[in-house]
Amino acid sequence: MFAARRVIGQLIATGGASGRLAIHVSAVCPKGHSKWQNIKATKGKNDMLKSRQTNYLVRKVKSVVKKGGFDLKLNKDLAAVQLEFKQQGLSLDAFNNALKRLKEKPEQTIYYDIIGPAGSLFVVETETDSKNRMTNTIQKYLNKIGSFRIAQDSIKNRFEEKGVITTDVKLKNKELTLEQMEEIAIELDCEEVTKVDDEEGAKFELVCDPGSLSKLESKLSSQGFTVEDAQIELRAFHPIPLSEAESQKVEKFYEVLQEDECVINIFDNVESSEA
């Protein structure tokens, strides 16, 4: 389960009456763009759209276990996350499996820098208990797909880190407009606001400095927003366009890797075909 996303079609608006900052505002993105950058509608993509909340809560499981341990009776934060799974109608299998993996095989995060067709770049984030096995698996996928290879040197300088939070568009059972959310974002010192339309309905995506992610998440939650995802993402400095044939290769790349549960995130420098 992993997530990949990029904001498209940005319009630049000033920071409202206060004039405290410039904020980028995007209209509704086409269905699917909240999880896969630039890839056409596929069953694999739609499956991953549904996994967003699960991924978010699994990350919370890992965080609270590090702080308070595995015992649900003693770790109130862990019990609260379990309750979130139930309240959001998500399978407790992911919750239990995350605990099992943390107990039996502590995982490490491994990144793979990959070069694709026509200068496309991909940073693949994985979590595994065996770096060698993961590397061999990634190489096997690339051999199967063709046109992709692991970079000899790091490509992370082609990207910048951003904090990205996804929320429901409703606040206290009332749906907000993009303009209303912009005003809230200005007060919270966000850099971008996007309204994203995907298989699960409309969402707001807010972008901030990575150091402010946790603080912004807490503020949104305290105001009554349902936070569905919050993580550090890599955004390309200079996205590039791809031809139809090249885009099909990239789609195949995503389809193959999304089947591996060790693959958590994929970030790329591909310009949206909708932009």
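If you read the sequence from its start, that first residue is 1, and numbering goes on from there.
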Expected output: side-chain Ser120 to main-chain Pro117 donor-acceptor under 3.5 Å: yes
Return the CG to CG distance between Asp168 and Leu220, rounded to the nearest 0.5 Å. 12.0 Å
Between Asp113 (side chain) and Ile155 (backbone), is there a donor-acceptor pair under 3.5 Å? yes
Say whether, by atom type as modelled, one donor and one acceptor occur between the side chain of Thr128 and the main chain of Lys131 under 3.5 angstrom. no
Looking only at the side chains, is there a donor atom on one of Tyr111 and Ser154 sitting less than 3.5 Å from an acceptor on the other? no
Ring centers of Phe148, Tyr141 separated by less than 6.0 Å: no
Could you state the interatomic distance from CD1 (Ile145) to CD (Glu255), rounded to the nearest 0.5 Å? 9.5 Å
Closest non-hydrogen atom pair, Ala230 against Leu213: C-CD2, 4.2 Å
Hey, does the side chain of Thr126 reach the backbone of Ile110 with a donor-acceptor pair shorter than 3.5 angstrom? yes
Taking atom types as modelled, is there a side-chain donor on Asn265 or Gln231 under 3.5 Å from an acceptor on the other? yes
Do the side-chain N and O atoms of Tyr254 and Asp268 include a donor-acceptor pair separated by under 3.5 angstrom? yes
Under 6.0 Å between ring centres, would you say that holds for Phe159 and Phe237? no
Nearest heavy-atom neighbours spanning Ile232 and Gly163: CD1-CA, 4.2 Å
Between the side chains of Glu244 and Ser247, is a donor N or O closer than 3.5 angstrom to an acceptor N or O? no
Non-hydrogen atoms of Thr167 and Phe225 that approach each other most closely: OG1-CD2, 4.1 Å
Pick from Asp71, Leu72, Leu78: which one makes a side chain to side chain contact (heavy atoms under 4.5 Å, CB included) with Leu74? Asp71
